[in-house]
Asks: 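Below you'll find the structure I mean.
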Amino acid sequence: MTRFSACIEMLFVPESADPAERIRLAARAGLDAVEFWLWSNKDLDAIERALDETGVTLAGIVAEPFAELTRETDHERFLRGLEQSRDVARRLGAPVLICQSGPLLAGIERARQHDGLTLAMARSADILAGSGVRLGLEPLNDRVDHPGYYLTSSAEAFAIVDAVNRPEIGLTYDLYHSMVMGEDPQTVAGGHLERIFHVHLADHPGRNQPGSGALDLASQLRWLDGLGYDGFVGLEYRPTGSTADALAQTWASLA
């Protein structure tokens, strides 16, 4: 059975400016998990209280800082931050940290950038070992949302985590980004279930709620469920109106 997580950087934003209150709103809407991006700009005491009061699970947060992981000289900065992110994740009960590759670097061969990103993941595994926290590297699209991003290919992302071959390292697989890049999820992700730590979705065009665009997200979720995927599916979309209306359309579209 699919377990959904509300990204409170997008959902419940029209209803409250307070991230802790958004957790309470998510609980009232019947969601039992949330996720968010940066932890460094949040009142962690307030977040912890809201999670404890509601019983809501924190499905994931972003590994800070954002870094150019394709550039080896930026690794140390990221890894120092990863130690802090790991500790915050453990404090709040988040099983997954989400990270991005950073930009495609000009003047450096792509193969060298690939190797740099692979090394960053291997070194990250050492920091996370034994913590119970895993790192999900996230491919993004460069056609609409993230021009200049390096890791746009799910196949390359799976190749990287396969090369690292550590239980701490996998993917945050975003159906929206993958399908915007023209990928067929069942082709690029089939056979890699054990490497998928977290899933995101949104419809296209618009990056709004399921049912607002043209993507057949329901069949993709049924496929993942049939494979035995048991992680969270993050609702990471911009509601076109109220969050309540967007959730109603989501549930109807995914039924």
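Everything numeric in this text was worked out from a predicted model, so none of it was measured. Sequence positions, counted from 1, serve as the residue numbers for this chain. Below, all heavy atoms of this structure are taken into account, side chains as well, without hydrogens, waters or symmetry copies.
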Asks: Quick one: do F78 and I127 end up in the same hydrophobic cluster if we chain Ile, Leu, Val, Met, Phe, Trp and Tyr together by side-chain heavy atoms under 4.5 Å apart?
Replies: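 Shared cluster, yes.
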Asks: For the pair D225 (side chain) and M1 (backbone), establish whether a donor and an acceptor sit closer than 3.5 Å, ignoring hydrogens and angles.
Replies: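 Answer holds: yes.
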Asks: Minimum heavy-atom separation for A20 to I47, with atom names?
Replies: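 Scanning both residues completely, I find the closest heavy atoms to be N-CD1, 4.0 Å.
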Asks: Let me confirm one number: the OG1-CG distance from T243 to L11, rounded to the nearest 0.5 Å.
Replies: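 The OG1 atom of T243 sits 5.0 Å away from the CG atom of L11.
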Asks: Whether D45 and R91 form a salt bridge (side-chain N of Lys/Arg under 4.0 Å from carboxylate O of Asp/Glu) is what I want to check.
Replies: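 Counted as a salt bridge, because a side-chain N and a carboxylate O are separated by less than 4.0 Å.
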Asks: Does any N or O in the side chain of D87 come within less than 3.5 Å of the main-chain N or O of S85, such that one atom is a donor and the other an acceptor?
Replies: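 Not confirmed, D87 side chain does not pair with S85 backbone.
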Asks: Could you state the interatomic distance from CD1 (I98) to CG (L135), rounded to the nearest 0.5 Å?
Replies: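 Interatomic distance, I98 CD1 to L135 CG, rounded to 0.5 Å: 9.5 Å.
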Asks: Please answer whether the main-chain N or O of A246 pairs with a side-chain N or O of T250 as donor and acceptor at a distance below 3.5 Å.
Replies: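 At least one qualifying donor-acceptor pair exists.
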Asks: Which heavy atom of E35 sits nearest to which heavy atom of S5, and what is that distance?
Replies: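 For E35 and S5, the tightest heavy-atom pair comes out as OE1-OG, 2.9 Å.
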Asks: Tell me whether R143 contacts the main-chain N or O of V180 through its side chain, where contact means a donor paired with an acceptor under 3.5 Å.
Replies: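 Here the side-chain-to-backbone pair exists.
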Asks: Can you list every pair that meets ring-ring contact (aromatic ring centres under 6.0 Å, His included) and has a residue in residues 2-35, with sequence neighbours left out?
Replies: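 For residues 2-35, and leaving out neighbouring residues, the ring-ring contact (aromatic ring centres under 6.0 Å, His included) pairs sorted by first residue read F4-W251.
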Asks: Counting only heavy atoms from other residues, nucleotides and ligands, does the tally under 6.0 Å from CZ of R110 exceed 12?
Replies: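 Yes, the 6.0 Å shell around CZ holds more than 12 heavy atoms from other groups.
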Asks: For residues F66 and L119: do they belong to one hydrophobic cluster (side chain heavy atoms under 4.5 Å, members Ile, Leu, Val, Met, Phe, Trp, Tyr)?
Replies: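 No, it is not one cluster - the side chains of F66 and L119 are not joined through contacts under 4.5 Å.
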Asks: When you compare the side chain of Q220 with that of Q186, does any pair of heavy atoms fall below 4.5 Å?
Replies: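 SC-SC contact between Q186 and Q220 confirmed.
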Asks: Measure the spacing between CG of L128 and CZ of R86 and express it to the nearest 0.5 Å.
Replies: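 CZ of R86 is found 7.0 Å from CG of L128.
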Asks: Taking the side chain as every heavy atom from C-beta outward, state whether M121 and C99 have any pair of such atoms under 4.5 Å apart.
Replies: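 In contact.
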Asks: What residues form a ring pair (Phe, Tyr, Trp, His ring centres under 6.0 Å) with Y229, not counting sequence neighbours?
Replies: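 Testing Y229 for ring pair (Phe, Tyr, Trp, His ring centres under 6.0 Å), a comparison that skips the adjacent residues, returns none.
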Asks: Check the pair V88, I61 against side chain to side chain contact (heavy atoms under 4.5 Å, CB included), reporting the backbone distance first and the verdict last.
Replies: CA-CA 9 Å; V88 171; I61 58 176; 3.9 Å; yes
Asks: Main chain of L151, side chain of S101: is a donor-acceptor contact present, judged purely on distance under 3.5 Å?
Replies: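 Yes, S101 side chain to L151 backbone: donor-acceptor pair under 3.5 Å.
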Asks: Give the cluster check for W37 versus V13: same hydrophobic cluster or not, with ILVMFWY residues linked at side-chain heavy-atom distances below 4.5 Å.
Replies: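 Cluster IDs for W37 and V13 differ.
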Asks: Write down the atom of T118, the atom of A163, and the distance for their closest heavy-atom approach.
Replies: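 Looks like CG2-CB, 4.3 Å.
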Asks: Shared ILVMFWY cluster between Y176 and L217, side chains joined below 4.5 angstrom?
Replies: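 Y176 and L217: separate clusters.
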Asks: Check step by step if side chain to side chain contact (heavy atoms under 4.5 Å, CB included) holds for M181 and S153.
Replies: CA-CA 8 Å; M181 289 303 298; S153 164; over 6 Å; no
Asks: Between L117 and L105, is there a shared hydrophobic cluster once you connect ILVMFWY residues whose side-chain heavy atoms come closer than 4.5 Å?
Replies: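 Different clusters: L117 never reaches L105 through Ile, Leu, Val, Met, Phe, Trp or Tyr contacts under 4.5 Å.
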Asks: Within the 3.5 Å criterion, strictly below it, is a donor on S219 or D216 matched to an acceptor on the partner's side chain?
Replies: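 Yes.
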Asks: Checking side chain to side chain contact (heavy atoms under 4.5 Å, CB included) for the pair T152/N141: CA distance, chi angles, key distance, verdict?
Replies: CA-CA 5 Å; T152 61; N141 83 79; over 6 Å; no
Asks: Provide the closest heavy-atom pair for M10 versus Y237 in the form atom of the first, atom of the second, distance.
Replies: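 In this case the closest contact between M10 and Y237 is CB-O, 3.0 Å.
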Asks: State whether the side chain of R22 and the backbone N or O of I8 hold a donor-acceptor pair below 3.5 Å, judged by distance alone.
Replies: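 Checking the backbone N and O of I8 against the side chain of R22, a donor-acceptor pair under 3.5 Å is found.
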Asks: Quick one: sort the H198 and H200 rings into parallel, tilted or perpendicular, breaks at 30° and 60°.
Replies: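 Because their plane-to-plane angle is over 60°, the rings of H198 and H200 count as perpendicular.
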Asks: Looking only at heavy atoms, what is the nearest atom pair of S40 and E64, with distance?
Replies: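 Residues S40 and E64, closest heavy atoms: OG-OE1, 2.6 Å.
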Asks: Just do the side-chain hydrogen bond (donor to acceptor under 3.5 Å, both in side chains) check on Q249 and S212 with the steps written out, would you?
Replies: CA-CA 8 Å; Q249 187 172 13; S212 64; 5.5 Å; no
Asks: So, T172 side chain and G136 main chain: donor-acceptor pair closer than 3.5 Å or not?
Replies: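 Yes; at least one donor-acceptor contact below 3.5 Å.
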Asks: Measure from the side-chain N and O atoms of E168 to the backbone N and O of S124, and report whether any donor-acceptor pair falls under 3.5 Å.
Replies: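 Not a single qualifying donor-acceptor pair exists.
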Asks: Quick one: are Y173 and E138 in side-chain contact, heavy atoms under 4.5 Å?
Replies: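 Contact flag for Y173/E138 side chains = no.
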Asks: Inspect the contact between D74 and R71 and indicate whether a charged nitrogen and a carboxylate oxygen are less than 4.0 angstrom apart.
Replies: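 Salt bridge absent between R71 and D74.
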Asks: F158 ring centre to R195 NZ or CZ under 6.0 Å, with the angle to the axis within 45°?
Replies: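 R195 over F158 ring: no.
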Asks: Which heavy atom of L215 sits nearest to which heavy atom of A202, and what is that distance?
Replies: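 Shortest heavy-atom contact: CD1-O, 3.6 Å.
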Asks: Does V56 offer a backbone N or O that forms a donor-acceptor pair with the side chain of D32 under 3.5 Å?
Replies: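 A pair under 3.5 Å: no.
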Asks: With side chains defined as the heavy atoms from C-beta onward, is the minimum distance between P210 and L201 less than 4.5 Å?
Replies: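 Heavy-atom side-chain distance check passes, below 4.5 Å.
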Asks: Can a salt bridge be assigned to the pair E72 and R112 using a cut-off of 4.0 Å between side-chain N and carboxylate O?
Replies: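 Between R112 and E72 there is no salt bridge, as every charged N stays at least 4.0 Å from the carboxylate O atoms.
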Asks: Examine distances only and state if a side-chain atom of R3 and a backbone atom of D230 form a donor-acceptor pair shorter than 3.5 Å.
Replies: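 Here the side-chain-to-backbone pair exists.
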